[in-house]
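Heads up, the thing below is written out as structure tokens.
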Protein chains: 2
Amino acid sequence: MISDKTVERLSLYRWLLETKVDKDTVSLFSHQIAAMACVSPAQLRRDLMTTGYSGSSTRGYSVKELAGSIAGVLDGNEPAKVALIGMGNLGRAIVSFLRGRRSRLKVVATFDTDSRKTGRVISGCRCYGQNRIEEIVTREQISVAVITVPSDVAQKVTDRLVNAGVTGILNYAPVPLRVPERVYLENRDVTTALEKVAYFARKSTEKE
Amino acid sequence: MISDKTVERLSLYRWLLETKVDKDTVSLFSHQIAAMACVSPAQLRRDLMTTGYSGSSTRGYSVKELAGSIAGVLDGNEPAKVALIGMGNLGRAIVSFLRGRRSRLKVVATFDTDSRKTGRVISGCRCYGQNRIEEIVTREQISVAVITVPSDVAQKVTDRLVNAGVTGILNYAPVPLRVPERVYLENRDVTTALEKVAYFARKSTEKE
DNA sequence: ATAGTGCTGTTACTTTTTTCACAGTACCTG
DNA sequence: CAGGTACTGTGAAAAAAGTAACAGCACTAT
Ligand SMILES: NC(=O)c1ccc[n+]([C@@H]2O[C@H](COP(=O)([O-])OP(=O)(O)OC[C@H]3O[C@@H](n4cnc5c(N)ncnc54)[C@H](O)[C@@H]3O)[C@@H](O)[C@H]2O)c1
Ligand SMILES: NC(=O)c1ccc[n+]([C@@H]2O[C@H](COP(=O)([O-])OP(=O)(O)OC[C@H]3O[C@@H](n4cnc5c(N)ncnc54)[C@H](O)[C@@H]3O)[C@@H](O)[C@H]2O)c1
């Protein structure tokens with residue numbers, strides 16, 4: 001099983017290869033990719049071991065083949081289907097952002113309680129009533145959910161999603177959610193992140 | 001020096017103590033706080049060691065004193081000043097969210113290029129022209145910046161912020177930014193996070 | 001009082017993650 | 001074709017993060 005951190009970096013490498021490399025660059029050395037990703041060359045090579053792909057000592061890694069190899073690890077056979085719950089400020093921003101990038105992740109449904117939002121297509125994606133979560137998640141076989149509802153309903157929404165078969169959750173509500181063992185949960189609380197940054201920012205200025 | 005992860009958890013503990021505990025609960029045991037935070041009691045106690053605060057073996061930790069003790073570690077003497085650059089969908093969502101919570105972090109200025117946004121007060125915070133970044137960051141002694149500009153200008157904006165004295169950056173643009181050693185950088189790329197969640201979601205369903 | 005209880009603080013250990021360092025390899029050069 | 005070069009892949013070492021275990025304490029109950 002590939003680790004957390006490695007998966008994250010693989011995703012970054014692929015993105016760099018696909019978007020930040022000249023069309024006419026056919027291959028790169030570990031230190032070049034590592035520099036773009038701000039990691040050490042050793043780290044990069046170690047990460048790539050998990051994909052099974054081998055570069056050549058004289059040419060480095062074929063950009064195209066490497067990207068394909070990473071895709072082989074990260075992606076399933078068909079794009080993962082994603083639902084987003086809570087089309088507020090944040091929810092809309094995320095959906096419209098994800099629409100912009102073509103991606104192996106498809107946001108196929110969004111949900112809200114607000115009747116001004118439901119039944120319409122917002123930011124390019126159909127918004128359903130919150131009561132239809134189970135129905136649509138099950139029907140569409142949605143495996144990943146993004147939670148951008150107010151924090152007091154986040155746990156309830158989560159429980160329903162998990163029940164309906166979701167196995168991965170990206171949570172933006174600032175509460176630690178409780179999920180069963182088998183469900184992968186990633187929290188993205190802004191406040192925590194900012195407090196962390198502020199702490200180290202302060203330490204950095206204090207040092208001088 | 002306290003680690004990355006520990007700081008993050010301390011921030012979470014404090015938040016739990018301040019918002020998720022009954023007014024009449026005066027003290028809690030490590031396992032109670034740990035359960036709320038979804039960490040092991042040992043982890044919690046270990047984290048608290050860094051604050052120097054000691055609980056009692058029979059009463060546990062005083063909610064109030066512990067929160068104060070964490071604050072002593074995380075916060076400086078006065079609230080850190082924060083700037084946000086790029087008042088687009090995401091930027092506005094974040095600013096209005098931060099306004100909502102009273103906090104030791106004060107968003108004191110936002111910046112944009114769009115003349116429909118500059119010069120006005122948006123989501124409760126003054127929005128300045130992007131050309132005044134250096135002036136205002138220096139004058140207000142802003143130490144933390146949140147970057148929500150399009151990714152092609154993110155590096156340029158970052159360089160200017162760093163130059164003006166910012167020492168902590170929370171980056172939402174999906175590019176790995178380059179900053180000097182002394183500046184703390186935290187990236188919050190949605191795509192990477194989602195791909196990671198999707199990967200583990202798939203692994204979790206495949207296992208069965 | 002005294003034995004018993006159930007917690008904390010901390011040390012020692014385990015696991016995970018990162019870095020180091022170098023043998024092995026493919027090419028280039030003269 | 002021998003020697004040199006600059007890379008890769010990977011085992012081994014180091015560092016970081018997390019877990020377990022337990023001595024010692026503060027209290028309670030008898
Ligand atoms: N704005 C941010 O940048 C930001 C940052 C971090 C975290 N958050 C968190 O993300 C969440 C959303 O933030 P926001 O600024 O978009 O708030 P918002 O109020 O604009 O959006 C919340 C949306 O969720 C919908 N909703 C409410 N209950 C629902 C339910 N049971 N099912 C489905 N939808 C429901 C509401 O109708 C609304 O559209 C909040 O928990 C907030 O704390 C926001
Ligand atoms: N929308 C999301 O949820 C989301 C998620 C992840 C990452 N991002 C990234 O965050 C950034 C912003 O996303 P968004 O959806 O808010 O886009 P947006 O286009 O709505 O907002 C960008 C804002 O930045 C301003 N801007 C442009 N150049 C600037 C400059 N040099 N200085 C100051 N301001 C400038 C623009 O005027 C605009 O208001 C993008 O990089 C996007 O990729 C967005």
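Side-chain atoms are counted along with the backbone in the values below, which use heavy atoms only and exclude waters and symmetry mates. So you know, we letter chains A, B, ... as the sequences are listed, proteins then strands, and number each from 1. All values derive from a computational prediction rather than experimental measurement.
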ask   = Touch check for B:Ser30, heavy atoms < 4.0 angstrom, all strands: base, sugar-phosphate only, or nothing?
value = sugar-phosphate
request  = Using atom CD of A:Gln43 as one end and atom C1' of C:dA21 as the other, report the distance to the nearest whole Å.
outcome  = 16 Å
task = Round to the nearest Å and state the distance from B:Ile33 atom CD1 to C:dG9 atom P.
result = 11 Å
Length of the CG-P vector between B:Leu28 and C:dG6, whole Å = 18 Å
request  = Please test A:Thr191 against B:Ser11 for side-chain contact (heavy atoms from CB on, under 4.5 Å), starting from the C-alpha separation and ending with a verdict.
outcome  = CA-CA 8 Å; A:Thr191 311; B:Ser11 163; 5.5 Å; no
task = Determine, step by step, whether A:Arg92 and A:Ile122 satisfy the side-chain contact (heavy atoms from CB on, under 4.5 Å) criterion, reporting the C-alpha distance in whole Å, the side-chain angles of both residues, the deciding distance to 0.1 Å, and the verdict.
result = CA-CA 8 Å; A:Arg92 283 194 304 269; A:Ile122 305 175; 3.7 Å; yes
query = Any donor-acceptor pair under 3.5 Å linking the side chain of B:Thr110 with the backbone of B:Arg126?
reply = yes
ask   = Roughly how many Å is it from CG in A:Leu48 to C1' in C:dT18, rounded to a whole number?
value = 15 Å
key: B:Arg59 (side chain) and C:dT8 (base): donor-acceptor pair under 3.5 Å   = no
ask   = Side-chain donor or acceptor of A:Arg46 under 3.5 Å from a matching atom on the base of C:dT17?
value = no
task = Walk me through it: do B:Val39 and B:Tyr13 pass the test side-chain contact (heavy atoms from CB on, under 4.5 Å)?
result = CA-CA 10 Å; B:Val39 301; B:Tyr13 303 149; 3.7 Å; yes
inquiry  = Does this structure show an ion pair linking A:Lys5 with A:Glu8, if we count only N-O contacts that are shorter than 4.0 Å?
reply    = no
C:dG9 OP1/OP2 closer than 4.0 Å to side-chain N/O of B:Ser54 = yes
task = Could you list where the contact with chain B starts and ends along DNA chain D, reading 5' to 3', using a 4.0 Å heavy-atom cut-off?
result = D:dA17 to D:dC27
key: B:Leu44 CG - C:dC7 C1' separation (whole Å)   = 13 Å
query = For A:Ser56, which contact category applies under a 4.0 Å heavy-atom criterion: base, sugar-phosphate, or nothing?
reply = sugar-phosphate
task = Look at the side chain of B:Ser57 and the base of C:dT8, then say whether one donor and one acceptor between them are separated by less than 3.5 Å.
result = no
ask   = Looking across every strand, which nucleic acid part, if any, lies under 4.0 Å from B:Thr6 by heavy atom: base, sugar-phosphate, or nothing?
value = nothing
Euclidean distance, atom CG of residue A:Asp47 to atom C1' of C:dT16 [Å, nearest integer] = 14 Å
task = Report the distance from atom CD of A:Glu8 to atom P of C:dT16, rounded to the nearest whole Å.
result = 18 Å
inquiry  = Under a 3.5 Å distance rule, please check whether B:Thr19 uses its side chain to pair with a backbone N or O of B:Trp15 as donor and acceptor.
reply    = yes
ask   = Do B:Thr50 side-chain atoms and B:Ile2 backbone N/O form a donor-acceptor pair below 3.5 Å?
value = no
inquiry  = For a quick check of understanding: with a heavy-atom distance under 4.0 Å over all strands, which category does A:Ser40 fall into, base, sugar-phosphate or nothing?
reply    = sugar-phosphate
note = Read 5' to 3' with Watson-Crick or G-U pairs under 3.5 Å, [ ] for crossing pairs and | for partners on another strand, DNA chain C gives ||||||||||||||||||||||||||||||
inquiry  = Could you check whether atom CD of A:Gln141 has more than 12 heavy atoms from other residues, nucleotides or ligands sitting under 6.0 Å from it?
reply    = no
ask   = Between A:Tyr53 and A:Tyr61, what is the ring plane arrangement, given parallel below 30°, perpendicular above 60°, and tilted in between?
value = tilted
key: For B:Arg104, salt bridge (charged side-chain N to carboxylate O under 4.0 Å, His left out) partners two or more places apart   = A:Glu195, B:Glu18
query = How many Å lie between CZ on B:Arg45 and P on C:dT11, as a whole number?
reply = 14 Å
ask   = Side chain of B:Tyr61: nearest nucleotide among C:dT19, C:dT8, C:dT11?
value = C:dT8
